[in-house]
Protein chains: 2
Amino acid sequence: MPSPDAPLLRALRGERPDTAPIWFMRQAGRSLPEYRELRVGTRMLDACLTPDLAAEITLQPVRRHGVDAGIFFSDIVVPLRLAGIEVEIVPGRGPVFADPVRTRADVDRVTAIDPAEVAAAAEPVRAAVRAVVSELDGARTPLIGFAGAPFTLAAYLVEGGPSKEHLRARALMHADPGAWHALAGWLAQVSRAFLQAQIESGAAAVQLFDSWAGSLAPSDLRAFVLPHSTAAVQGLDVPVIHFGVGTGPVLADMRLGGIASAVGVDWRVPLDEAARTVGGETTLQGNIDPALLAAPWEVLEAHVRDVLERGRAARAHIVNLGHGVPPETDPTVLTRIVELVHSV
Amino acid sequence: MPSPDAPLLRALRGERPDTAPIWFMRQAGRSLPEYRELRVGTRMLDACLTPDLAAEITLQPVRRHGVDAGIFFSDIVVPLRLAGIEVEIVPGRGPVFADPVRTRADVDRVTAIDPAEVAAAAEPVRAAVRAVVSELDGARTPLIGFAGAPFTLAAYLVEGGPSKEHLRARALMHADPGAWHALAGWLAQVSRAFLQAQIESGAAAVQLFDSWAGSLAPSDLRAFVLPHSTAAVQGLDVPVIHFGVGTGPVLADMRLGGIASAVGVDWRVPLDEAARTVGGETTLQGNIDPALLAAPWEVLEAHVRDVLERGRAARAHIVNLGHGVPPETDPTVLTRIVELVHSV
């Protein structure tokens with residue numbers, strides 16, 4: 001069982017453990033040779049929905065790096081697959097949907113699916129989470145549950161795949177606000193059901209990934225997106241971390257009015273500046289620049305120490321990267337960062 | 001010959017013509033059926049370096065839409081091709097370099113090329129620009145010259161192709177600052193030579209595209225990027241427009257200390273807010289949200305009117321999109337926007 005004294009959970013409550021807790025977004029996955037070996041012959045979404053595999057992949061980086069949290073290995077489109085929507089992860093490209101959701105009729109087709117279907121189909125997720133939690137030392141290393149936020153999910157679903165500036169999803173907001181809100185509201189319920197399945201099975205915190213939130217004008221973010229992100233996480237039984245890339249100008253909004261215990265900060269905004277923006281009631285997570293993982297150690301070390309120093313301006317600090325681990329990262333560098341952070 | 005009374009040039013000097021000048025980034029290109037027809041069987045970089053073709057493609061949107069400026073049809077990697085670097089534009093992917101520039105030795109190999117080679121090889125560019133300028137009505141429609149900024153060029157050159165977060169170029173800045181500055185300084189001279197060839201041949205203004213500037217932490221932008229962008233454009237004989245996506249937090253820096261007569265603003269920041277940030281000595285360009293080109297006309301019209309209204313807070317306003325015309329745009333919508341802006 002997770003203990004409330006685990007450094008991650010203390011930091012989420014605003015306390016400062018002796019050393020700052022640290023984990024890495026995408027720590028489970030492509031940077032690890034043991035992951036690449038395990039994944040041979042298994043498609044991404046099948047791996048996510050095979051309990052033994054998902055559990056083992058989640059545990060690999062905890063064993064290797066000694067991080068202070070596991071992050072459940074999954075993909076943001078998994079709850080959509082559980083809802084019966086046809087989607088595949090194409091290597092080198094990303095999620096591709098057989099039937100993009102572009103018209104009011106498309107929205108009606110998708111939102112006719114009862115979000116309870118996700119909960120009903122989530123047994124492989126529950127089994128994987130239970131297996132992870134039973135292996136982890138709950139006093140030190142809680143499991144963080146994982147879900148994509150409604151806008152980032154919609155960005156893929158409306159486009160039918162990855163896109164640079166998410167034009168189709170952003171167009172739908174203005175072209176047919178009713179259809180947009182119906183879709184985003186449904187996605188919020190789907191994300192929520194996916195998070196609840198993880199919490200019921202032992203996840204001690206959750207992170208809502210709104211990776212593309214920074215592509216929105218702040219007025220659009222507030223009107224069309226954050227109410228649905230709030231619906232996805234409000235009233236859950238565990239602390240919430242809310243993350244997006246390029247959200248420096250809207251970090252205060254990313255607090256979701258205080259529902260988020262922590263907000264993630266990418267590499268563009270120094271944490272002391274971010275702390276001034278979000279105020280004293282929110283923990284900050286971040287913000288090592290992933291580009292520096294490829295720099296010489298002394299350059300990276302100076303950067304990590306600077307991040308830690310600036311992070312002291314926040315009420316509490318969970319060390320992480322500013323975005324996910326790049327696939328080509330040398331994993332020994334990640335282990336060395338954990339050792340450094342735990343020694344400061 | 002371009003007249004100083006052309007609305008675009010007046011706006012760049014800070015005056016307010018009767019109606020706001022308007023043009024569209026990427027107005028020349030894939031959204032036009034006449035362009036797609038002309039390009040059949042010709043590779044992108046060959047089209048850029050065939051004077052008749054480049055001139056005709058540059059003129060097509062001026063004829064069709066009645067915009068207040070031509071933008072020279074080219075690609076940011078053209079000056080690198082002129083310098084003898086092996087690069088191709090792969091359809092659906094973007095520029096791909098045969099030999100990425102990742103090590104100090106790679107940088108030495110590239111920077112050994114005399115930037116004067118670009119000027120010497122630029123005759124097709126000069127011929128195309130002369131042909132365009134002789135066709136345009138200079139009293140109304142000047143030609144804007146085009147170049148990529150050193151960082152955005154480096155983002156492609158170091159990666160070897162397109163990348164999401166430009167990790168390798170950003171890593172090089174910190175891993176080997178000497179190599180970075182050598183490369184970026186050389187790229188500044190290459191961009192400058194490319195711009196000068198266009199100015200000599202009749203371009204009446206230039207735009208420096210630093211499309212990916214917004215991916216940088218402000219401190220990195222200031223230390224590693226803007227000095228080189230400044231070197232690319234300082235002291236040119238024509239006004240400079242400086243553009244990047246996601247540069248809301250650093251718009252004041254994008255002024256290049258006043259060397260830029262105008263800065264481009266993407267769709268994330270309302271122009272009245274941008275005007276407060278950049279102050280009264282800089283013209284703003286932008287910032288219609290490209291996503292709204294796909295919305296019903298009444299939604300788009302209201303948005304364009306809002307952009308015009310907020311643009312009144314700037315010393316002067318050049319209407320444009322917040323980024324380039326998406327390829328799937330209905331070109332009749334662009335014409336209608338021009339008519340609207342000219343009627344207000």
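Each chain gets a letter, A, B and so on, in the order the sequences are listed, and its residues count up from 1.
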Residues passing the side chain to side chain donor-acceptor pair (under 3.5 Å) test with B:Ser31, sequence neighbours excluded, are none
Value for OG (A:Ser219) from CD (B:Glu273), rounded to nearest 0.5 Å, stands at 9.5 Å
Ordered numerically, the heavy-atom neighbours of chain A under 4.5 Å found in residues 89-104 of chain B are none
Ranked by heavy-atom pairs below 4.5 Å to chain A, first place among B:Ser215, B:Pro249, B:Pro270, B:Ala169 goes to B:Ser215
Taking atom CZ of B:Arg109 as the centre, does the number of heavy atoms from other residues, nucleotides or ligands within less than 6.0 Å exceed 12? yes
pair B:Arg170-A:Asp289: side-chain heavy atoms closer than 4.5 Å = yes
Should we say atom CZ of A:Arg312 is surrounded by more than 12 heavy atoms from elsewhere, each under 6.0 Å from it? no
Ordered numerically, the heavy-atom neighbours of chain B under 4.5 Å found in residues 290-301 of chain A are A:Pro290, A:Ala291, A:Leu292, A:Ala294, A:Ala295, A:Pro296, A:Val299
Honestly, the part of A:Pro218 sitting under 4.5 Å from a heavy atom of chain B is both
Applying a strict 4.5 Å limit to non-hydrogen atoms, the region of B:Val250 in contact with chain A is neither
The reported gap from CG in A:Asp220 to CH2 in B:Trp267 (rounded to nearest 0.5 angstrom) is 11.0 Å
Against chain B, residues from residues 322-332 of chain A with at least one heavy atom under 4.5 Å, in numeric order, are A:His323, A:Pro326, A:Glu328
